[in-house]
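For reference, the structure is listed below as structure tokens.
Residue numbers begin at 1 in each chain, while the letters A, B, ... track the order of the sequences. The figures that follow rest on heavy atoms only: side chains count, while hydrogens, waters and symmetry mates do not.
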Number of protein chains: 2
Amino acid sequence: MSNRSRVTIREVAERVGVHPSTVSRVLNPVTRGRITPEVVDKVITVANELGYRPNQAARGLRTNRTSTIGVLIPDITNPLFPPIIRGIEDGLGANGYTAILGNTDNIVSREMDAVATMRARQVDGLILATARRDDPLIAEFLKDRLPVVLVNRTADADGVSSIVNDDVLGISLAVRHLKELGHRRIAHIAGPQTLSTGNARREGFLSVMGAKELLSEQKLVVETNAFSEDEGLRAAAQLISDGQEFTAIVAANDLLALGAYEAIADAGLSCPGDISVTGFNDMPFVDRLSPPLTTIRIPHYELGREAARRLIELIETPDSPARATTLRPELIVRGSTAEV
Amino acid sequence: MSNRSRVTIREVAERVGVHPSTVSRVLNPVTRGRITPEVVDKVITVANELGYRPNQAARGLRTNRTSTIGVLIPDITNPLFPPIIRGIEDGLGANGYTAILGNTDNIVSREMDAVATMRARQVDGLILATARRDDPLIAEFLKDRLPVVLVNRTADADGVSSIVNDDVLGISLAVRHLKELGHRRIAHIAGPQTLSTGNARREGFLSVMGAKELLSEQKLVVETNAFSEDEGLRAAAQLISDGQEFTAIVAANDLLALGAYEAIADAGLSCPGDISVTGFNDMPFVDRLSPPLTTIRIPHYELGREAARRLIELIETPDSPARATTLRPELIVRGSTAEV
DNA sequence: AACAACTGTGCAAACGATTGCACATATATC
DNA sequence: GATATATGTGCAATCGTTTGCACAGTTGTT
């Protein structure tokens, strides 16, 4: 029987003895009220009996809506993203939408490709976890009135909705924790400044340290050009060999913190004995490192879920205004920070 | 201009001064040869100028093919799966196919739901990373002649294609390594026997140990009902408190090995000092644990990529026979195994 | 020179659902 | 009791592509 989803609305109609349009109206919750309850029952019964499933292609062709969302991420293999994606998919699924994913590896040409495929598939909207601060794609989407929500990273442009972590709060949580432990000279390994996350965390750090003006303190900030272990190692090694005095490092991300672990070990020092380290993200298994990493937990799943909700809102009520939302992170104290 | 992918085949045809069907034929590589080269050029030029993108919904409606594949996974948040997914998506994308994902959390009802949505979206085929050894869904798909490939886990049923790791080889790699280190009494924390992975590894262990018949040795095998840290802890604790003599544990998976780490610490013993431990999977960051985990690396990405290839083959040449393929894993020696 | 076989393109009918409009019947209004 | 309004359902067009068939023009065969 169930030959590759065969049964159509017409067959249901014939079996019930009504017109296909009636079946369509019954199956659409909005128009169901216009049909006699008895007919509604019969149609629903028969539709279930026959295992009717609407053909999305046909529906999409007619309505110009596919209930499909494109999701752009840098790389699903980066443990940061799976919980976000899971949140997005759960949020979309609950409302009858489906996601298609594109990995961009942070490469512009792959990003363009992915967007092209997604648009060919008539996605109803896009969720980007790949935004750079000056992302040209975003302007394009806004111009085409294609609903877009940024997640995890935001962009400088306004007029676009975004759901991101409150990075300034996160950094201030880390700094406050270190200060309570008696640390005064605190260094920062900053992420790429082209990404909102790297930038906001750096700005947050400077402002919380009251160091925005003090150039002297700014020597304790080293920028990296990727959120990677290698870059963290390089930056921390530089801090140490620079001869700067400091007793703690606030890393802009867990991977940078892991790099710092290495640099500290390489220098013959110990963490947290000589230098305390904090991360950012609370990736899986950082609680199993030695020492277990004190870090800032970001509500990744909720970020994704909220992005999905927001996008659906944008799609279904097209003139709802763009909003920038931040979610609150949490300090997770483990073993990589100690009293000075 | 680019108003939400508007331009249709008809507009292209009008601008060129030919019939829409001609444009369609030009755009389809298979039929392109039937059209005069000059016309082909003109159509292609105009199509590019106008930024024409075929409407997948219309195409799908007509051809009954969507170039969309459904991918069922237990949980994207489990670090095992992202590389598989990445491989699948790369493999599909290279051939013009797109994946839609469904997380099942190993819950049958969610699995049914996901399959229902996917079939409603008329997927051309399915890749399952969720198979149980006696999976009822598989029979259904085979009956409906819906192309399916199993990845990572396989099922007992035959007639279905699968791409999985060579688990027996993996286990024998681990056991041989331990034997070379002088271990003789080796225990096994087995995974769920309802999953092909758990089962194959256990069978492999018994056979490599030459213990298939020896009941005495079988006491050194403890089964768990999930590939989780908790279960690993429970199983290892049981082995230890049982008073069995053994100097090494071969865990059926990295998470189980992590649980074993805990149990060993809880018992006041040390790894690898008192007990060596091996894992299976080589999850991210197990090289950063203390001790760094000796484990079996599975070519996850290739597993996914190969599954995508196989599925496309199945779709495009429908009568190609079902094949079960295994890929070779690799032993990664780190710090959790030592001489006895 | 007549006929057969190709070639390149147009024509029109699908695919399955949605939806504005029309129409018959039932109910409300005066 | 006649007219106006509601109500429930049918009719048919439409969304954008693909594709079997038809047909005119060309080339090949004898």
Side-chain angles (χ1 to χ4, degrees), chain A residues 3-44 46-47 50-68 96 119-124, chain B residues 3-44 46-47 50-68 96 119-124:
Chain A
N3 219 354
R4 274 259 217 159
S5 159
R6 189 65 114 279
V7 37
T8 76
I9 214 171
R10 190 182 324 249
E11 293 175 57
V12 177
E14 269 166 24
R15 288 258 277 195
V16 178
V18 295
H19 194 267
S21 62
T22 302
V23 175
S24 171
R25 286 189 261 256
V26 168
L27 266 21
N28 180 342
V30 177
T31 47
R32 179 171 304 162
R34 327 212 72 221
I35 307 294
T36 317
E38 284 180 29
V39 178
V40 170
D41 282 356
K42 235 189 296 184
V43 168
I44 292 186
V46 173
L50 263 46
Y52 170 77
R53 292 259 159 213
N55 180 321
Q56 285 286 348
R59 187 211 295 276
L61 180 56
R62 177 63 223 248
T63 59
N64 223 349
R65 299 174 69 274
T66 54
S67 301
T68 302
R119 298 191 73 160
R121 284 177 182 268
Q122 323 282 122
V123 294
D124 293 341
Chain B
N3 219 355
R4 275 260 216 152
S5 157
R6 190 66 114 280
V7 38
T8 76
I9 217 171
R10 190 182 322 250
E11 291 176 57
V12 177
E14 270 166 23
R15 288 256 277 196
V16 178
V18 296
H19 194 268
S21 62
T22 303
V23 175
S24 172
R25 285 190 261 256
V26 169
L27 267 19
N28 180 343
V30 177
T31 47
R32 180 170 305 163
R34 327 212 73 221
I35 307 294
T36 317
E38 284 180 30
V39 178
V40 170
D41 282 356
K42 235 192 296 186
V43 168
I44 291 186
V46 173
L50 264 45
Y52 171 76
R53 293 255 159 218
N55 182 321
Q56 285 286 350
R59 187 208 295 275
L61 180 56
R62 178 61 225 248
T63 60
N64 224 347
R65 299 173 70 275
T66 53
S67 299
T68 302
R119 297 192 74 161
R121 285 178 180 269
Q122 322 282 123
V123 294
D124 293 341

- Select from A58(B) and V39(B) the residue whose nearest nucleotide in DNA chain C is closer to the 5' end of that strand.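 Result: V39(B).
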- Quick one: CZ on R65(B) to CD on Q56(B), what's the gap to the nearest 0.5 Å?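 Separation between the atoms: 10.5 Å.
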- Considering only heavy atoms from C-beta outward, does the side chain of L50(A) approach that of R15(A) to under 4.5 Å?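 A side-chain contact under 4.5 Å exists here.
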Could you check how far [atom1] of [X] sits from [atom2] of [N], rounded to whole Å?
X      : N       : atom1 : atom2 : value
R34(B) : dG20(D) : CZ    : P     : 11 Å
R59(B) : dC15(C) : CZ    : P     : 19 Å
L61(A) : dT18(C) : CG    : C1'   : 10 Å
N64(B) : dT18(D) : CG    : C1'   : 12 Å
N55(B) : dC15(D) : CG    : P     : 12 Å
R32(A) : dT18(C) : CZ    : C1'   : 16 Å
R53(A) : dG16(C) : CZ    : C1'   : 16 Å
R10(A) : dA17(C) : CZ    : P     : 9 Å

- Message: Students often get this wrong, so: under 4.0 angstrom with heavy atoms, is T63(B) touching a base, only sugar-phosphate, or nothing?
- Response: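 The answer is sugar-phosphate, as T63(B) gets under 4.0 Å only of primed atoms, P, OP1 or OP2.
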- Task: For V23(A), report the nucleic acid contact type (base, sugar-phosphate, nothing); a contact means any heavy atom under 4.0 Å.
- Result: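 If one applies the 4.0 Å heavy-atom cut-off, V23(A) turns out to touch nothing in the nucleic acid.
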Could you list the protein-to-nucleotides 11-13 of chain C atom pairs, N/O on both sides, closer than 3.5 Å?
{"from": "dC11(C)", "atom 1": "N4", "to": "S21(B)", "atom 2": "OG", "distance (Å)": "3.3"}

- Item | Candidates dA17(C), dT17(D), dT9(C) - which lies nearest the side chain of I9(A) |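 Of the candidates, dA17(C) comes closest.
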- For residues T8(B) and Y52(B), report the shortest heavy-atom separation together with the two atoms involved.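 Nearest heavy atoms, T8(B) then Y52(B): C-CE1, 3.6 Å.
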- Message: Below the 4.0 Å mark, does dG8(D) have OP1 or OP2 next to a side-chain nitrogen or oxygen of T22(A)?
- Response: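 Negative; the distance criterion is not met.
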